[in-house]
Amino acid sequence: MKSEVTKPPGAETTPGGLSVVLLRSMYRTMLRIRIFEERVAELVTAGEIGTPCHLYIGQEAVATGVCAALEKEDYVWGGHRSHGHYLAKGGNLRTMLAEIYGKATGCSKGRGGSMHLFASDVGILGTVPLVAATIPLAVGAGLASKLRGDRRVSVAFFGDGATEEGVFHESVNMAALYRLPVIFVCENNFYASHMQLLERRAADNLSKAGDAHGITSSSLDGNDVEAAYRAATIAVERARGGRGPTLLECRTFRWRGHVGPSWDMDVGVKRKDELKDWLGKDPVARVRASLSDFGDTPEGFEVMDKEIRAEVEKAVEFARESEYPRASELLDHVFSPGAVIQ
Amino acid sequence: MKSEVTKPPGAETTPGGLSVVLLRSMYRTMLRIRIFEERVAELVTAGEIGTPCHLYIGQEAVATGVCAALEKEDYVWGGHRSHGHYLAKGGNLRTMLAEIYGKATGCSKGRGGSMHLFASDVGILGTVPLVAATIPLAVGAGLASKLRGDRRVSVAFFGDGATEEGVFHESVNMAALYRLPVIFVCENNFYASHMQLLERRAADNLSKAGDAHGITSSSLDGNDVEAAYRAATIAVERARGGRGPTLLECRTFRWRGHVGPSWDMDVGVKRKDELKDWLGKDPVARVRASLSDFGDTPEGFEVMDKEIRAEVEKAVEFARESEYPRASELLDHVFSPGAVIQ
Amino acid sequence: MTTRAITYAEAIREAHAQLLSTDPRVFIIGQGLWSPWYAGTSLKDIDKEFGRDRVIDSPVSENATTGAAIGAAIAGMRPIVFHPRMDFMLLAFDTIINQAANWSYIFGGQVSVPIVIRATINRGGQQGAQHSQAIQAFFMHVPGIKVVMPGTAYDAKGLLIAGIQDGNPVMYIDDRWLYEERGEVPEEIFTVAIGKAALRRKGSDVTIVATSYMAAKSIEAARILSEEHIDAELIDLRSIKPWDQEMVLSSVAKTGRLVIADAAWGTGGVAAEIAATVGSQVFDRLKAPIQRLCLPDAPAPTSAALEGAYYLKASQIVSAVQGLLVSK
Amino acid sequence: MTTRAITYAEAIREAHAQLLSTDPRVFIIGQGLWSPWYAGTSLKDIDKEFGRDRVIDSPVSENATTGAAIGAAIAGMRPIVFHPRMDFMLLAFDTIINQAANWSYIFGGQVSVPIVIRATINRGGQQGAQHSQAIQAFFMHVPGIKVVMPGTAYDAKGLLIAGIQDGNPVMYIDDRWLYEERGEVPEEIFTVAIGKAALRRKGSDVTIVATSYMAAKSIEAARILSEEHIDAELIDLRSIKPWDQEMVLSSVAKTGRLVIADAAWGTGGVAAEIAATVGSQVFDRLKAPIQRLCLPDAPAPTSAALEGAYYLKASQIVSAVQGLLVSK
Ligand SMILES: Cc1ncc(C[n+]2csc(CCOP(=O)(O)OP(=O)(O)O)c2C)c(N)n1
Ligand SMILES: Cc1ncc(C[n+]2csc(CCOP(=O)(O)OP(=O)(O)O)c2C)c(N)n1
Ligand SMILES: [Mg+2]
Ligand SMILES: [Mg+2]
């Protein structure tokens with residue numbers, strides 16, 4: 001209905017001006033994250049995966065929209081809940097799963113598990129579970145970019161909880177002061193573990209931190225992939241143009257417990273009510289609905305779904321079959337003088 | 001001219017509504033700080049004092065105005081530049097000077113010097129030179145006050161530089177969240193050591209940190225003792241009323257170098273120009289002028305001046321004559337289990 | 001005193017509850033205090049029992065949270081600040097080391113900081129390098145702070161209460177791997193003296209000095225050794241700073257042999273200090289080189305396959321002792 | 001190589017300048033870099049020479065500044081992050097210890113963190129407890145980070161350059177009390193191997209192992225001792241982690257006696273690790289208990305009267321050695 005028959009396929013745009021081709025590709029990314037993580041959840045429940053997994057389900061639009069605005073050379077940094085960031089930036093699904101299994105073929109050679117992901121070939125310079133730890137590192141990568149003049153943008157993904165670490169403020173200040181090409185993406189899912197936002201701060205006003213440090217900030221619907229993409233695109237332009245950092249507060253929600261597959265592990269009644277609301281705002285379903293409006297068919301979605309599931313199953317097989325690191329290699333990699341990234 | 005002859009002495013008020021008696025007492029405090037520190041400057045130059053002294057000259061109105069709004073039981077915390085805070089809160093001048101001399105009679109028994117001052121009898125729970133270090137401690141004392149319900153207010157004095165330490169933000173957030181009776185007094189003297197404010201942050205907007213954390217904040221002329229007193233009075237009322245913390249940015253200037261008596265040790269041409277401006281805004285002279293308007297005479301000022309100078313000279317004698325701590329006592333006080341403050 | 005068998009975690013909880021009940025100056029602050037699982041069962045429902053005013057689950061701000069507890073202690077309270085994972089405490093090192101540990105000294109002993117800083121070693125489970133550390137050695141190095149590491153339910157309770165009563169900054173390090181260990185614990189409030197070790201087994205062939213979790217492992221090791229007719233004397237250090245030099249030195253003077261087991265990095269660790277002190281203090285009585293049994297000098301890996309190789313087992317204590325006895 | 005006598009501070013400056021000149025990936029960030037006095041003469045006008053883009057005086061934010069340097073290193077730069085006082089670095093322990101030191105390991109060696117973290121020991125002058133610390137022991141304990149402590153102008157230059165070329169996190173600890181010491185230093189870029197100690201004097205009666213400032217003091221002590229016909233072998237450790245076990249062990253195997261001098265707290269310090277290692281590795285050759293000469297277990301006082309008693313003097317090394325020789 002909404003698409004005109006005369007337009008060549010792919011030339012359509014959403015009311016927000018986004019090409020449908022891009023939207024479809026973002027949908028695929030989101031779905032891939034969703035399916036991957038649902039499978040991980042099953043494997044954790046089955047006891048096949050032992051490393052702590054913090055699932056990103058419900059937040060897929062943020063990683064996807066932001067990373068769609070980036071180039072392969074741009075840097076991203078994450079935290080404990082970074083499967084989504086890793087996939088959205090182009091990290092290898094198979095080696096991430098092998099990593100989660102603790103295998104030597106993993107993206108961190110079995111030393112990192114779910115909480116320590118790395119893929120420098122696509123600019124993922126590290127995700128680690130110390131809350132807020134990668135925020136200053138992202139600033140440093142932005143500084144490197146500025147010093148080299150290579151126009152790379154550096155993105156820090158972090159949660160609302162991370163803004164309570166003082167280093168967040170220190171980092172934003174430094175990025176502001178030196179006008180670094182950094183994007184601070186705060187995924188405000190209203191919880192840090194069991195603690196609701198207003199149990200941790202006086203006001204629901206995270207983006208004000210931007211004003212305090214004199215940088216542009218905005219608050220957006222983190223379940224709207226178009227919104228995330230648009231905001232990130234503007235931030236990327238600003239960064240590449242030497243006009244400094246941006247703080248994006250992306251309001252969203254995680255569906256599962258803080259860690260692991262459970263739906264209610266750390267859930268009080270309050271969170272249950274909120275969750276019901278947010279389940280209705282499923283970011284994946286939302287894009288799917290848009291694409292349907294543009295004529296994408298249930299059959300088409302089915303095919304995509306199947307492809308991704310097949311890919312994930314292959315990854316499970318790969319992970320299962322891979323070898324564990326050897327005990328004799330326990331002390332390897334404490335230092336790696338040769339492994340300098342260019 | 002401005003005072004009416006019929007009024008009993010002391011009933012006069014300033015245009016801002018402050019009692020002249022209080023203004024006169026604040027003048028005395030400011031002058032005492034000024035004279036004390038000028039003498040310290042001489043003694044440093046003479047080589048008689050060896051511990052690093054960060055002089056407060058030029059900023060006297062802040063400590064004086066704020067502390068005038070406090071009760072004896074209220075807490076204050078300071079940093080490396082805290083002679084003024086100590087005197088304004090009622091600390092003993094003689095024992096501070098002895099401390100600066102490194103004598104056993106010092107307010108910290110010769111273990112602290114200029115940068116570690118203590119006088120729990122008047123609520124001075126500690127000043128230390130690690131930038132921003134006492135900010136969270138002040139929050140903790142506010143928490144203690146809230147838990148006990150004893151309505152004490154806890155004041156953290158710190159510089160503009162201290163706001164760059166992440167713990168400043170963490171502390172303001174906590175005080176805001178728990179609505180603690182804390183006043184954050186940021187003395188923005190536009191320098192942290194040799195670094196001008198805008199070499200350290202993108203914008204001259206320190207009080208915005210209050211908005212970011214959802215607390216009341218204001219920016220005021222830190223060379224106007226009345227303004228400081230008024231703002232502190234409101235903040236104290238808010239704190240005692242259980243309505244939470246306040247951030248006060250007091251804009252002022254230090255006349256001397258970052259450390260020591262020098263006028264230009266770390267001064268670029270830029271600071272020299274600024275200094276000229278600020279010398280014209282001498283907070284002590286300003287109050288003196290007001291008091292003159294109320295009929296205080298040069299002779300009266302002269303008397304006060306002499307009294308203070310005599311007090312300081314006595315303190316110098318006391319400090320000189322006091323004993324040094326003994327080498328045999330070197331390991332004393334690493335622990336002091338009995339010395340719990342009530 | 002009436003005792004009954006409870007777990008290490010229950011003993012920790014009981015100590016907190018009794019302190020909160022009997023001393024209005026006591027409060028707890030830190031991350032996870034309102035969570036059913038952060039502190040394991042060691043603080044179960046303590047917020048419900050004592051109210052959220054005195055049991056404060058903090059923002060994710062280790063530095064300010066710890067600093068606030070220190071400030072409250074200076075202002076006369078007796079806080080327990082909780083770090084559910086020792087690794088996170090690195091963010092609070094300034095306020096612990098530069099402030100709390102120095103406060104008494106810099107003000108000439110006019111003020112003390114009566115605080116317990118509780119840090120939990122929470123390792124294993126494929127959590128990796130940033131969620132596994134046991135960094136007691138840092139605090140052993142710093143003057144002005146005491147360090148205790150309970151290895152039994154009894155000590156878990158008694159040392160926590162002693163920590164609060166001590167009146168100085170006390171680092172209290174508990175270990176999640178011990179939470180389900182049971183032991184007889186008095187029902188009443190009682191203290192275990194800080195600085196006193198516990199002789200867990202008398203023996204004549206060799207002294208084993210162990211900290212916390214390794215003390216538990218050493219009991220297992222001593223049993224195996226006794227089957228081989230090796231008679232080990234076993235000392236559970238309990239306090240790391242000050243540590244019980246008297247008991248350790250007199251034991252080694254008797255046995256002439258020492259194995260030190262500490263489940264932390266070896267280089268520059270707690271075991272090094274003990275070895276150095278013993279080596280010089282009972283020099284003439286040593287029959288064999290002192291052995292240290294510690295973690296390898298590497299971060300904790302995640303892969304279960306590597307974790308198995310990384311962490312210490314009782315069998316390694318057995319081998320270390322055997323090695324010592326063979327060498328002489 | 002052409003050498004000439006320059007000071008320790010000048011040597012540091014020269015190393016920085018040559019690194020900045022020859023490697024575009026090198027930059028410096030930290031507090032005081034645009035100040036004429038923060039770094040003493042060790043970085044004099046370096047901002048003027050290389051520009052403020054590559055010589056960045058930072059906000060008062062140790063944690064983010066250090067983290068930014070680490071992030072830049074991960075992204076391929078070769079930063080030197082400067083802490084004008086070691087004490088302030090406690091605020092950056094998370095990013096140094098949890099991040100930089102682990103980064104290579106947790107990602108299976110696919111990435112290194114080629115950074116020099118320069119920390120200056122700046123004590124004395126009645127500055128007191130928070131402005132005097134020498135906390136090298138902390139870093140000795142942590143896997144994944146190397147630690148060097150130059151004691152001469154030559155090493156000050158060579159170790160800084162080695163640190164940058166190493167490709168791993170290197171903690172470079174210099175000492176303000178050495179800034180005016182002169183020594184012959186090559187004009188060219190050169191390196192001093194990390195992990196190799198320097199034999200400063202051959203001797204047969206006793207081995208003195210010293211770090212940095214104490215190595216300088218030990219030269220004085222050895223001279224006094226030689227007048228008393230005591231022939232001390234003197235090893236300047238230079239690297240704390242890894243440290244030159246080979247040289248130290250073979251020296252002690254020869255002399256049978258060891259004094260370790262480290263101007264930091266003794267308990268759990270660098271000297272403890274050396275004593276523990278030597279005590280067990282050359283057990284049979286030791287003729288006397290190993291002596292550690294360290295600061296007392298107390299914070300630094302301010303009063304000049306107490307400072308005099310607190311800090312170590314060459315005469316104490318002399319006495320320690322004499323004590324050792326008398327005891328046997
Ligand atoms: C420095 C530090 N403190 C505490 C923790 C424990 N912790 C792990 S995740 C988490 C909550 C983080 O919340 P947020 O940043 O909002 O991320 P989310 O889990 O919601 O994605 C906490 C407190 C940690 N990992 N690191
Ligand atoms: C944690 C820490 N970092 C750095 C320093 C060095 N330092 C001492 S005073 C100072 C400047 C502080 O500036 P500000 O807070 O504005 O106070 P002011 O000196 O202007 O009163 C600095 C950086 C320190 N003492 N502590
Ligand atoms: Mg969150
Ligand atoms: Mg200032």
Side-chain angles (χ1 to χ4, degrees), chain B residues 75 77 99 104 106-113 115-120 123 125-126 128 130 132-148 152 154 156 165-175 177-178 180 325 331-342, chain C residues 24-27 29 51-54 56-79 81 91-92 94-95 97-115 142-146 165-170 194 242:
Chain B
Y75 300 128
W77 305 79
E99 185 57 42
C107 63
S108 306
K109 314 282 178 218
R111 273 70 176 178
M115 305 197 290
H116 308 85
L117 304 173
F118 186 80
S120 58
L125 294 191
V128 297
L130 241 291
T134 55
I135 302 177
L137 307 192
V139 169
L143 180 58
S145 169
K146 186 186 173 194
L147 287 169
R148 288 191 294 243
R152 274 171 159 150
S154 180
E165 294 288 2
V167 75
F168 160 68
H169 289 278
E170 296 184 9
S171 300
V172 174
N173 177 52
M174 281 185 68
L177 176 64
Y178 305 133
L180 300 181
L331 299 186
D332 293 357
H333 312 313
V334 177
F335 294 106
S336 56
V340 172
I341 289 178
Q342 297 310 334
Chain C
R25 299 170 303 179
V26 172
F27 69 96
I29 188 167
R52 291 188 165 185
D53 277 344
R54 292 178 72 201
I56 307 169
D57 198 327
S58 71
V60 195
S61 309
E62 286 79 6
N63 197 355
T65 301
T66 311
I70 292 166
I74 293 168
M77 302 295 283
R78 300 244 167 182
V81 57
L91 286 156
D94 170 60
T95 201
I97 294 173
N98 278 325
Q99 313 314 325
N102 280 332
W103 215 257
S104 167
Y105 193 84
I106 54 185
F107 299 123
Q110 298 172 91
V111 54
S112 79
V113 186
I115 189 173
V142 178
I145 188 158
K146 302 183 181 184
Q165 292 185 359
D166 189 77
N168 293 295
V170 174
I194 295 176

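Throughout, protein chains are lettered first and strands after them, A, B, ... in sequence-line order, and every chain is numbered starting at 1.
Your options are C:G167, C:P169, C:G109, C:P143, and the one with the most heavy-atom pairs under 4.5 Å with chain B is C:G109. Contact tally against chain B (heavy-atom pairs below 4.5 Å) for C:A69, C:P24, C:S61: the top residue is C:S61. For the set B:Y75, B:W77, B:F335, B:F168, the count of heavy-atom pairs under 4.5 angstrom toward chain C peaks at B:F335. Ranked by heavy-atom pairs under 4.5 Å with chain B, the first of C:G144, C:G67, C:S112, C:P79 is C:S112. By number of non-hydrogen pairs under 4.5 angstrom with chain B, the leading residue of C:S104, C:P114, C:G76 is C:S104. In terms of non-hydrogen atom pairs under 4.5 Å with chain C, the most contact-rich of B:R111, B:M115, B:K109 is B:R111. Note on C:A73, C:A101, C:A64, C:A72: by heavy-atom pairs under 4.5 Å with chain B, the leading option is C:A64.
Rounded to the nearest 0.5 Å, atoms CG (C:N63) and CD1 (B:I135) are 10.5 Å apart. Once rounded to the nearest 0.5 Å, the distance linking CD1 of C:I74 with CG of B:L125 reads 7.0 Å. Taking CD1 of C:I56 as the reference point, atom CE of B:M174 lies at 7.0 Å (rounded to 0.5 Å). Note: B:F118 CZ to C:I106 CD1 = 9.5 Å, rounded to the nearest 0.5 Å. Here the straight-line distance linking atom CD of C:Q99 with atom CG of B:L137 works out to 6.0 Å at 0.5 Å rounding. In this structure, CZ on C:F107 lies 8.5 Å from SG on B:C107, to the nearest 0.5 angstrom.
Side-chain contact between B:S120 and C:V111 is absent, with no heavy-atom pair separated by less than 4.5 Å. Side-chain contact check for C:S58 versus B:Y178: some heavy-atom pair is nearer than 4.5 Å.
When heavy atoms are compared at a cutoff of 4.5 Å, B:D332 approaches chain C solely by way of its backbone atoms N, CA, C and O. Using a 4.5 Å cut-off between heavy atoms, B:L177 touches chain C through its side chain atoms alone. For C:I145, the part sitting under 4.5 Å from any heavy atom of chain B is the backbone (N, CA, C, O) and nothing else. The part of B:T134 that comes within reach of chain C is its side chain, from C-beta onward, which places non-hydrogen atoms under 4.5 angstrom from that chain. Both the backbone and the side chain of C:T65 come within contact range of chain B, each with at least one heavy atom under 4.5 Å from a heavy atom of that chain. Only the backbone of C:E62 comes within contact range of chain B, with heavy atoms under 4.5 Å apart. Only the side chain of B:R148 comes within contact range of chain C, judged by heavy atoms closer than 4.5 Å. Contact of B:A141 with chain C is made through backbone and side chain together, with heavy-atom distances under 4.5 Å. Contacts of C:F27 with chain B are made by side-chain atoms alone, with heavy-atom separations under 4.5 Å and no backbone atom involved.
Across every non-hydrogen atom of C:D166 and B:P337, the tightest pair is O-CB, 3.3 Å. Listed here is the closest heavy atom pair of C:D53 and B:L147: O-CD2, 3.2 Å. Summarising the geometry of C:A75 relative to B:A144, their closest heavy-atom pair is CB-CB, 4.1 Å, with the distance given to 0.1 Å.
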Next on the checklist: As a quick check of understanding, evaluate side chain to side chain contact (heavy atoms under 4.5 Å, CB included) for B:V167 and C:T95, giving each step before the final call.
Outcome noted: CA-CA 10 Å; B:V167 75; C:T95 201; over 6 Å; no
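Judged purely by atom type and a 3.5 angstrom limit, B:S108 has no side-chain atom pairing as donor or acceptor with the backbone of C:G108.
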